[in-house]
Asker: 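Next up is a structure, given as structure tokens.
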Protein chains: 2
Amino acid sequence: MRIGMRIGELAARAGTTTRTLRYYESRGLLPARRTDNGYRAYDEADLKLLRQIRTLQDFGFDLEETRPFVDCLRAGHPEGDSCPASLAVYRRKLDELDALIGELQSVRAKVGEQLTRAERARDELAAEATVPGGPEPACEWGGRTR
Amino acid sequence: MRIGMRIGELAARAGTTTRTLRYYESRGLLPARRTDNGYRAYDEADLKLLRQIRTLQDFGFDLEETRPFVDCLRAGHPEGDSCPASLAVYRRKLDELDALIGELQSVRAKVGEQLTRAERARDELAAEATVPGGPEPACEWGGRTR
DNA sequence: CCTTGCCTTGACGCCGACGTCAAGGACTAC
DNA sequence: GTAGTCCTTGACGTCGGCGTCAAGGCAAGG
């Protein structure tokens, strides 16, 4: 059974980089013990913390939002979301997601409308151009006309 | 009838800042003529270009994506989206939006699941704690463990 | 003349989550 | 001893779209 590991192994096991771990430590999110020679030392519990952070990051949580989950785990709770503060973050994130999705759907609808309108305008111009005796186009299309 | 305006007025009329206009110019998106004293000079056509840019920016297009629309207008076309390149940007943006919305909805579902699961776990712990002779909680709530 | 309010260029700051490089120490293998 | 691979800290770069000075020029009103 493994007793401890250094930063490279932890990073590899969590699918991230040593730079990321040092960054988390600099943010006070994942402090490390040190061996005699000054190397960072981690254990399985740290891996669990790290995986919790990474999972939430993958969901789009920013680092500060993962802190309650990490604190919760370190307090001895079985899961990072076993604490009210974590649940509050979940709820806030759900609200944010709903708001964002709504905005994006609104934008999507508007852009879709614009595309439809622009295509129709293009087709109408093309039709006029082919109608005998039709009006000349307002401007040239991508170079020369006709 | 207005013949021209300086940067402050154009910015105000488009609801943006002089800094933004200089930035657009530095990106080659909205070059300005100059008066004798070196001041930037704009006209109504520039306002139209600027409004096109701002509208797309509000939709979440990045600056480079607005370039085809601006070029289209400057080429003399009635609308910024009267050119194939603009339509291509619309379509690409629609695809991006659909992909992003899909991802966000997926994340939303997962976070929602997590919240539900965590709340259920919490309620079960609470129930066990009140049941006479029930098992002790895995850890203390909001205090220290061990 | 002086103030006020525009304008000019230049340059650094910001945000988040790291990437990347530099210089050097530690440990293992041969 | 020396090559190789890990580790350390420190510091600057990235990306987009500007914000925010700083130092100074130009025009108009009192």
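Since this is a predicted model, take the numbers as computed values, not measurements. Naming convention: chains lettered A, B, ... in sequence-line order (proteins, then strands); numbering from 1 in each chain.
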Asker: Where the side chain of B/Arg6 is concerned, which of C/dC7, C/dC18, D/dC7 is the nearest nucleotide?
Answerer: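 Nearest to the side-chain atoms of B/Arg6, counting from C-beta on, is C/dC7.
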
Asker: Between B/Phe59 and B/Lys93, is there a cation-pi geometry (under 6.0 Å to ring centre, at most 45° from the normal)?
Answerer: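 That pair does not qualify as a cation-pi contact.
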
Asker: To the side chain of A/Tyr23, which of C/dA17, D/dG16, C/dG19 is closest?
Answerer: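 The closest nucleotide is C/dA17.
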
Asker: OP1 or OP2 of D/dG19 versus the side-chain N and O atoms of B/Thr20: is any pair under 4.0 Å?
Answerer: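 For D/dG19, OP1 or OP2 has a side-chain N or O of B/Thr20 closer than 4.0 Å.
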
Asker: State whether A/Gln57 places a side-chain N or O below 4.0 Å from either non-bridging phosphate oxygen (OP1 or OP2) of C/dC18.
Answerer: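 For A/Gln57, the contact criterion (side-chain N or O under 4.0 Å from OP1 or OP2 of C/dC18) is met.
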
Asker: Closest approach to the side chain of B/Arg54, judged atom by atom: which nucleotide of D/dC18, D/dT8, C/dC18 is it?
Answerer: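 The nucleotide sitting nearest to the side chain is D/dC18.
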
Asker: From CD1 of B/Ile7 over to P of D/dC18, roughly how many Å is that when rounded to an integer?
Answerer: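 Going from CD1 in B/Ile7 over to P in D/dC18 covers 13 Å.
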
Asker: Quick check: any donor-acceptor pair below 3.5 Å linking the side-chain of A/Tyr39 to the base of C/dG25?
Answerer: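 For A/Tyr39, whose side chain was compared with the base of C/dG25, there is a donor-acceptor pair (under 3.5 Å).
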
Asker: Establish, with yes or no, whether the OP1 or OP2 oxygen of D/dC26 is under 4.0 angstrom from a side-chain nitrogen or oxygen of B/Arg34.
Answerer: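 For B/Arg34, the contact criterion (side-chain N or O under 4.0 Å from OP1 or OP2 of D/dC26) is not met.
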
Asker: Nearest heavy atom decides the nucleotide; on that basis, is A/Ala41 or B/Glu64 closer to the 5' end of DNA chain D?
Answerer: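 That would be A/Ala41.
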
Asker: With distance as the sole criterion, do the side chain of A/Arg40 and the base of D/dT8 form a donor-acceptor contact below 3.5 Å?
Answerer: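 When only heavy-atom distances are counted, A/Arg40 does not reach the base of D/dT8 through any donor-acceptor pair under 3.5 Å.
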
Asker: Rounding to an integer number of Å, can you tell me how far B/Glu25 CD sits from C/dT9 C1'?
Answerer: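 Spelled out: CD on B/Glu25 to C1' on C/dT9 is 11 Å.
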
Asker: Regarding A/Arg54 and A/Tyr24, do their side chains bring together a donor and an acceptor under 3.5 Å, going by distance alone?
Answerer: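 Side-chain D/A pair, A/Arg54 to A/Tyr24: present.
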
Asker: Does a side-chain N-to-carboxylate-O contact under 4.0 Å join B/Glu96 and B/Arg92?
Answerer: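 The answer is yes: the pair qualifies as a salt bridge.
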
Asker: So which of B/Arg74, B/Arg33, B/Arg40 actually passes side-chain hydrogen bond (donor to acceptor under 3.5 Å, both in side chains) with B/Asp46?
Answerer: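 Between B/Asp46 and the candidates, side-chain hydrogen bond (donor to acceptor under 3.5 Å, both in side chains) is satisfied uniquely by B/Arg33.
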
Asker: At under 4.0 Å, does any side-chain N or O of A/Thr17 touch on OP1 or OP2 of C/dG19?
Answerer: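 Affirmative; the distance criterion is met.
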
Asker: Suppose we call two aromatic rings close when their centres sit under 6.0 Å apart. Are A/Tyr90 and A/Phe69 close by that rule?
Answerer: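 Yes: the rings meet the under 6.0 Å criterion.
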
Asker: With hydrogens left out and only the distance checked, is there a donor-acceptor pair under 3.5 Å joining A/Arg22's side chain and the base of D/dT8?
Answerer: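 When only heavy-atom distances are counted, A/Arg22 does not reach the base of D/dT8 through any donor-acceptor pair under 3.5 Å.
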
Asker: Ion pair present between A/Arg34 and A/Glu25, side-chain N to carboxylate O less than 4.0 angstrom?
Answerer: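 Answer for the salt bridge query: yes.
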
Asker: Between A/Arg19 and A/Asn37, which is nearer to the 5' end of DNA chain C once each is assigned its nearest nucleotide?
Answerer: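 Its nearest nucleotide being more 5', the pick is A/Arg19.
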
Asker: Which listed nucleotide (C/dC18, D/dA27, D/dG17) is nearest to the side chain of B/Asp62?
Answerer: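 For B/Asp62, the side-chain atoms sit closest to D/dG17.
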
Asker: Using a 4.5 Å cut-off on heavy atoms from C-beta on, say whether the side chain of A/Leu87 contacts that of B/Arg122.
Answerer: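 B/Arg122 vs A/Leu87: side chains touch.
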
Asker: For the helix from C/dC1-D/dG30 to C/dC30-D/dG1, what angle separates the axis at the start from the axis at the finish, each from five pairs, in steps of 10°?
Answerer: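 Computed from the C1' atoms at both ends, the axes differ by 40°.
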
Asker: Identify which nucleotide among D/dC18, C/dG19, D/dC7 has an atom closest to any side-chain atom of B/Tyr24, counting heavy atoms from C-beta outward.
Answerer: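 In terms of side-chain proximity for B/Tyr24, the closest of D/dC18, C/dG19, D/dC7 is D/dC18.
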
Asker: Phosphate oxygens OP1/OP2 of C/dC18: is one of them under 4.0 Å from a side-chain N or O of A/Thr16?
Answerer: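 No, because none of the side-chain N or O atoms of A/Thr16 sits under 4.0 Å from OP1 or OP2 of C/dC18.
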
Asker: Quickly work out the B/Met5 CE to C/dG5 C1' distance and round it to whole Å.
Answerer: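 Taking CE of B/Met5 and C1' of C/dG5, I get 19 Å after rounding.
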
